[in-house]
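These figures come from a predicted structure and were not determined experimentally. We count ligands from 1, going down the list as the structure has it; atoms in each ligand are counted the same way.
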Amino acid sequence: ATCTHKDRNDALHPLWQSPLSIPGGSRQSPINIQWRDSIYDPFLKPLKICYDPTTCLHIWNNGYSFLVEFDDSTDKSIIVGGPLENQYRLKQFHFHWGAINEWGSEHTVDSKFYPAELHLVHWNAVVYPTFEEAVMEGNGLAVIGVFLKLGAHHEGLQTLVDALPAVKHKDTVIEFDVFDPSCLIPSCPDYWTYAGSLTTPPLTESVTWIIKKKPIEVDENQLEAFRMLLFTSDGEEEKRMVDNFRPLQPLMNRTVRSSFQ
Ligand SMILES: N/C(=N\S(N)(=O)=O)N1CCCC1
Ligand SMILES: [Zn+2]
């Protein structure tokens with residue numbers, strides 16, 4: 001039988017295991033978002049995004065993805081509103097992508113994969129003293145998911161792409177001191193939201209997911225730049241950093257709400 005990407009993924013990425021290995025996992029991510037099953041919630045507020053570009057610190061290849069990390073010692077870069085009861089501080093953003101344009105995103109919409117997905121990771125510094133503690137709590141994290149689709153060149157992303165050769169290998173880092181990630185978020189306010197988890201270890205069920213309905217467009221060269229990164233350290237046998245997404249997880253007893261009709 002032909003191997004589906006899910007089997008390939010389970011086989012290729014033991015770390016992104018199925019929920020069976022997470023005892024009591026009832027709100028795991030990612031999931032398929034069935035548009036017609038999502039429920040419009042008129043009480044959902046618009047999401048307010050206030051980032052200070054000077055809080056940007058560096059880009060780091062951590063061997064799973066590349067992260068752009070921010071100074072989260074103040075409330076200078078935060079999100080508030082949407083489904084959130086508190087404001088959440090921006091900690092980092094990263095991407096997941098495929099070896100080819102047919103797949104790469106973690107979430108799907110009506111079972112459609114996008115070639116890549118951006119995650120902006122925020123934590124509840126109103127309630128928890130540290131990010132590490134917030135990671136362990138049901139309302140500890142809020143992640144904005146943005147789908148990337150193949151299309152026009154993305155000017156804002158290009159400044160990031162130009163820096164990637166400097167973090168080709170695992171555990172390399174480059175200073176990156178001014179960047180406003182709101183340029184990567186579609187202006188359309190529409191989103192879905194659901195209660196889920198981190199999609200990499202520790203896989204904790206601490207994430208309020210906010211998935212933007214509209215994708216951003218990036219061009220083929222920009223996607224290819226992601227694919228030239230390596231999972232491996234300098235000197236090791238090279239393994240291209242591709243297909244770094246977790247397989248879809250069961251919805252179980254959850255509803256996905258939409259901010260739009
Ligand atoms: N898996 C994660 N984010 S994600 N892919 O669920 O947005 N993280 C692991 C630790 C910090 C963020
Ligand atoms: Zn992610």
Side-chain angles (χ1 to χ4, degrees), residues 9 13-19 21-22 25-33 47 49 57-72 77 79 82-84 88-98 103-109 113-125 128 130-148 157 160 170-171 173 181 184-185 191-212 215-216 223 226 229 231 241-249 254 256:
N9 222 297
H13 296 287
L15 278 182
W16 282 285
Q17 289 167 358
S18 71
S21 63
I22 313 293
S26 62
R27 54 174 278 193
Q28 288 291 295
S29 294
I31 59 168
N32 175 51
I33 296 167
L47 186 64
I49 298 169
L57 293 173
H58 52 251
I59 307 174
W60 174 42
N61 176 334
N62 71 352
Y64 300 124
S65 182
F66 66 94
L67 313 183
V68 180
E69 299 201 287
F70 289 77
D71 167 13
D72 60 350
S77 290
I79 58 171
L84 305 171
Y88 286 64
R89 264 184 210 170
L90 176 65
K91 167 101 179 142
Q92 52 105 320
F93 70 81
H94 62 272
F95 298 80
H96 304 263
W97 60 91
W103 60 67
S105 60
E106 295 215 296
H107 292 86
T108 54
V109 179
F113 283 91
Y114 285 88
E117 184 173 333
L118 159 65
H119 289 157
L120 297 126
V121 179
H122 309 75
W123 61 284
N124 186 343
Y128 304 110
T130 65
F131 172 76
E132 287 69 24
E133 283 176 78
V135 162
M136 306 310 290
E137 302 294 334
N139 64 343
L141 303 180
V143 181
I144 299 175
V146 179
F147 295 117
L148 276 63
L157 183 69
L160 194 48
K170 177 180 178 186
D171 293 331
V173 63
L184 300 173
I185 301 173
Y191 63 84
W192 289 283
T193 184
Y194 78 96
S197 74
L198 292 173
T199 66
T200 69
L203 299 172
T204 44
E205 299 183 333
S206 54
V207 180
T208 299
W209 281 95
I210 299 167
I211 308 287
K212 300 290 284 186
I216 58 170
L223 286 171
F226 286 14
L229 294 169
F231 281 128
M241 185 180 276
V242 293
D243 296 336
N244 55 357
F245 58 91
R246 188 188 193 195
L248 290 171
Q249 302 298 310
R254 289 180 284 183
V256 177

Assign the ring pair W97 / F66 to parallel, tilted or perpendicular, where the plane angle (0 to 90°) is split at 30° and 60°. tilted
Indicate, as side chain, backbone, both or neither, the part of W123 found under 4.0 angstrom from ligand 1 when only non-hydrogen atoms are considered. neither
When you measure from atom 5 (N) of ligand 1 to every protein heavy atom, which one gives the shortest distance, and what is it? T199 OG1, 2.8 Å
Pull out every atom of ligand 1 sitting under 4.0 Å from any heavy atom of F131, numbered as shown with elements. 11 (C)
Identify the closest protein heavy atom to atom 7 (O) of ligand 1: which residue and atom is it, and at what distance? H119 ND1, 3.3 Å
Working for side chain to side chain contact (heavy atoms under 4.5 Å, CB included), residues L47 and I144: CA-CA 10 Å; L47 186 64; I144 299 175; 3.7 Å; yes
Could you check N139 against Y88 for side chain to side chain contact (heavy atoms under 4.5 Å, CB included), going step by step and ending with a plain yes or no? CA-CA 10 Å; N139 64 343; Y88 286 64; 4.0 Å; yes
Backbone, side chain, both or neither: what part of V143 comes under 4.0 angstrom of ligand 1, heavy atoms only? side chain
Let's go through H96 and T199 carefully: what are the C-alpha distance in whole Å and the side-chain angles of both, what is the deciding distance for side chain to side chain contact (heavy atoms under 4.5 Å, CB included) to 0.1 Å, and is it a yes or a no? CA-CA 10 Å; H96 304 263; T199 66; 3.8 Å; yes
Which bit of Q92 gets closer than 4.0 Å to ligand 1, counting heavy atoms only: side chain, backbone, both or neither? side chain
Could D72 and K91 be called an ion pair, given the rule that one side-chain N must be under 4.0 Å from one carboxylate O? yes
Please step through ring-ring contact (aromatic ring centres under 6.0 Å, His included) for the pair W209 and H107, ending with a clear verdict. CA-CA 10 Å; W209 281 95; H107 292 86; 4.8 Å; yes
Derivation and outcome, ring-ring contact (aromatic ring centres under 6.0 Å, His included), residues H94 and W60: CA-CA 10 Å; H94 62 272; W60 174 42; over 10 Å; no
Which angle, to 10 degrees, forms at the Zn ion (ligand 2) with NE2 of H94 on one side and NE2 of H96 on the other? 100°
Which is closest to atom 3 (N) of ligand 1 by heavy-atom distance: K91, H94, H96, E106? H94
Per-atom contacts of ligand 1 with W209, taking only distances under 4.0 Å to non-hydrogen atoms: 6 (O), 7 (O)
Which atom name does H119 have for its N/O/S atom nearest to the Zn ion (ligand 2)? ND1
How does F245 reach ligand 1, if at all, at less than 4.0 Å between non-hydrogen atoms: by side chain, backbone, both, or neither? neither
Considering only the protein, which heavy-atom contact is closest to atom 1 (N) of ligand 1, and what is its distance? T200 OG1, 2.7 Å
Compare every heavy atom of L141 with every heavy atom of F131, then report the nearest pair and how far apart it is. CE1-CD2, 3.7 Å
Among all protein non-hydrogen atoms, which one is nearest to atom 10 (C) of ligand 1, and what is the separation to 0.1 Å? L198 CD1, 4.3 Å
Do you know the tightest heavy-atom contact between T130 and W123? C-CZ3, 3.4 Å
